[in-house]
Amino acid sequence: MDFHVIKTKQFPLSDGILGTKKQSDETSKEQKIGIASLPEENINSKKKRKVDVLDCTSCEHVNKEGNEEPHNSYLYKNLDLAFPSVKRRSLQWRKIIRNNLDLDYTLLFPCDVADSLLQVLENELDYFTGDLAKIHIFGKWLDVPRKQVTYGDPGLTYKYSGIVRPAQPWPQPLEAVRDLLGNVTGYNFNFVLVNRYKDGSDKMGEHKDDERDLDSQAPIASVSLGQARDFYFRHQDTKPPKKLNIEKVLLQLQHGSLLLMNPPTNQFWYHALPPRKSAPGVRINLTFRKIIPH
DNA sequence: AACATAACAGTCGT
DNA sequence: TACGACTGTTATGT
């Protein structure tokens, strides 16, 4: 069996490009704020990687044991061993503060770990079909322009925009990510919404995660895997008829990144993942939430 | 009972 | 031309 897939570097791990864009008017000019390279702790250096990430040595070890385990079991073992090392890394956080917006962004996973996690999720996850793949909005039932599935603690549901998404039992790799996020953030998430964007034509429209059954004290933790995609926040009062001139906040969500949307961001700001025809790859996004049981 | 809308279609500008 | 930014839905649920 060929285990080399774990070493595949499909997606480069690079800095996020953050910036803001002026509200559309005659002076509209894009103003980009480059984010400096991550300092000293160069996560792309091979030396650091040996420390942080399980490499081929352990692959071969498992192989030579004559272990006939299926491919995915092998990947699971790597993630279990790799995650504690992620926890120990000193993460470089970027804080983004605006009027009632509060974000934290970091590159959580080394590239190899992010690649493995993406592969495991691609192999393991089944997405909703039928009614659960539709959304009710402006009086119409429409297919969501992406794939979705939700997991969480038994009995939990997530309601938004007139639909109900039931928690499926936690798959092992998402449990592992949930526990890692508990360590990194200090919050115990009990639910995750998975969105899969097959390419740059898949998208998500503007909305606020301001549902009543979300714990208003907890952030929403968004993990991005695969194709980097543009993402933006837009203040609610920039919409007609108010049209206040508050700048958008633009981000590029990188492979292996974690974005924390802290309160009260989702009370005041919409966010969206616009289509990007030039972004060909698959992206999987995990938004971990804390839902108040009812 | 105001109010918001995780979607699309249409317009306009580049 | 195609893409991206922006506007207006529309009938239902809260």
Side-chain angles (χ1 to χ4, degrees), chain A residues 17 19-32 100-101 127-152 157-167 191-214 216 220-224 227-253 259 261 264-280 283-289 291-292 294:
Chain A
I17 298 168
T20 57
K21 186 170 181 178
K22 276 235 165 195
Q23 182 74 5
S24 169
D25 61 15
E26 55 282 348
T27 64
S28 170
K29 273 178 189 163
E30 197 158 322
Q31 173 194 14
K32 278 195 175 161
N100 287 316
L101 176 137
Y127 293 88
F128 288 142
T129 58
D131 289 347
L132 287 174
K134 293 184 185 301
I135 193 163
H136 196 207
I137 185 170
F138 284 98
K140 290 175 180 161
W141 284 98
L142 299 160
D143 293 332
V144 295
R146 58 191 175 274
K147 284 182 173 175
Q148 279 191 328
V149 65
T150 51
Y151 302 99
T157 61
Y158 185 43
K159 294 194 260 285
Y160 66 87
S161 193
I163 59 171
V164 181
R165 301 272 122 112
F191 193 92
V192 64
L193 168 62
V194 183
N195 281 291
R196 182 185 186 275
Y197 305 87
K198 68 178 185 306
D199 59 33
S201 65
D202 277 4
K203 65 205 178 212
M204 179 151 52
E206 290 182 353
H207 69 283
K208 292 185 282 192
D209 287 348
D210 58 351
E211 282 65 43
R212 288 254 293 285
D213 50 357
L214 288 174
S216 61
I220 291 172
S222 169
V223 173
S224 294
Q227 174 69 59
R229 289 285 295 268
D230 288 350
F231 190 72
Y232 70 82
F233 290 85
R234 178 193 194 194
H235 194 280
Q236 60 183 10
D237 293 343
T238 65
K239 286 191 152 229
K242 279 200 173 183
K243 298 186 75 170
L244 296 186
N245 191 14
I246 303 173
E247 290 181 358
K248 277 184 172 180
V249 175
L250 307 178
L251 296 84
Q252 198 180 53
L253 299 180
L259 176 70
M261 294 184 273
T265 304
N266 276 116
Q267 291 179 34
F268 295 91
W269 293 72
Y270 295 92
H271 56 271
L273 189 96
R276 284 293 178 266
K277 300 298 162 76
S278 58
R283 171 173 184 266
I284 290 181
N285 182 67
L286 316 169
T287 47
F288 289 84
R289 298 144 193 276
I291 291 182
I292 302 166
H294 52 270

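Every chain is numbered from 1 and lettered A, B, ... according to where its sequence line falls, protein lines coming before strand lines. What you are looking at is a predicted structure, and each value in this text was computed from that prediction instead of being measured.
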Could you give the side-chain donor-acceptor pairs of residues 135-147 of chain A under 3.5 Å, partners two or more places apart or in another chain?
unit_1	atom_1	unit_2	atom_2	d
A:Asp143	OD1	A:Lys134	NZ	2.6
A:Arg146	NE	A:Asn195	OD1	2.8
A:Arg146	NH1	A:Lys203	O	3.0

Given side chain to side chain contact (heavy atoms under 4.5 Å, CB included), test A:Lys208 with A:Trp269 step by step and report yes or no. CA-CA 6 Å; A:Lys208 292 185 282 192; A:Trp269 293 72; 6.0 Å; no

Per A:Leu193 side chain, nearest of listed nucleotides B:dT5, B:dA6, C:dC6: B:dA6

Can you confirm whether A:Leu250 sits close enough to A:Asp230 that some side-chain heavy atom of one is under 4.5 Å from a side-chain heavy atom of the other? no

Report the distance from atom NZ of A:Lys242 to atom C1' of B:dA4, rounded to the nearest whole Å. 14 Å

For residues 265-275 of chain A, which residues have at least one heavy atom under 4.0 Å from DNA chain B? A:Tyr270

Shortest non-hydrogen contact between A:Tyr197 and A:Met204, atoms and distance: OH-CE, 3.2 Å

It should be established whether A:Arg234 places a side-chain nitrogen or oxygen under 4.0 Å from OP1 or OP2 of nucleotide C:dT7. yes

Figure out the CG/P separation between A:Asp202 and B:dA6, and round it to whole Å. 18 Å

Is A:Thr157 reaching over with its side chain to a backbone N or O of A:Pro166, donor-acceptor style, under 3.5 angstrom? no

Which stems, defined as runs of 3 or more consecutive Watson-Crick or G-U wobble pairs with both pairing distances under 3.5 Å, involve DNA chain C? B:2-5 with C:11-14, B:7-14 with C:2-9

Does A:Asn195 reach a base, just sugar-phosphate, or nothing at all? Heavy atoms under 4.0 Å. nothing

Closest-nucleotide mapping onto DNA chain C: is A:Pro240 or A:Tyr232 further toward the 5' terminus? I mean the 5' end. A:Tyr232

Please tell me whether A:Tyr158 and A:Arg289 have a donor and an acceptor in their side chains that are separated by less than 3.5 angstrom. yes

Hey, does A:Gln148 reach any base, or is it just sugar-phosphate, or nothing, if we go heavy atoms under 4.0 Å? nothing

For the pair made of CD in A:Gln236 and C1' in B:dA4, what is the distance, rounded to whole Å? 11 Å

Please state whether the phosphate of C:dT7, meaning OP1 or OP2, lies under 4.0 angstrom from any side-chain nitrogen or oxygen of A:Lys243. yes

Return the value, rounded to whole Å, for the distance between atom CD1 of A:Ile135 and atom P of B:dA4. 18 Å

Just the atom pairs and distances: protein N or O near nucleotides 8-14 of chain B's N or O, under 3.5 Å.
none

Choosing from C:dC6, C:dA5, B:dT5, which nucleotide comes nearest the side chain of A:Lys248? C:dC6

Contact class for A:Arg146 vs. all strands (heavy atom < 4.0 Å): base, sugar-phosphate, or nothing? sugar-phosphate

Rounding to an integer number of Å, can you tell me how far A:Met204 CE sits from B:dT5 C1'? 15 Å

Taking only N/O atoms, report every protein-nucleotides 9-14 of chain C pair under 3.5 Å with atom names and distance.
none

For A:Lys198, enumerate each residue passing the salt bridge (charged side-chain N to carboxylate O under 4.0 Å, His left out) test, keeping only those at least two apart in sequence or located in another chain. A:Asp202

Whether A:Arg234 side chain and A:Ile246 backbone form a donor-acceptor pair below 3.5 Å: no

Any donor-acceptor pair under 3.5 Å joining the side chain of A:Tyr160 to the base of B:dA4? no

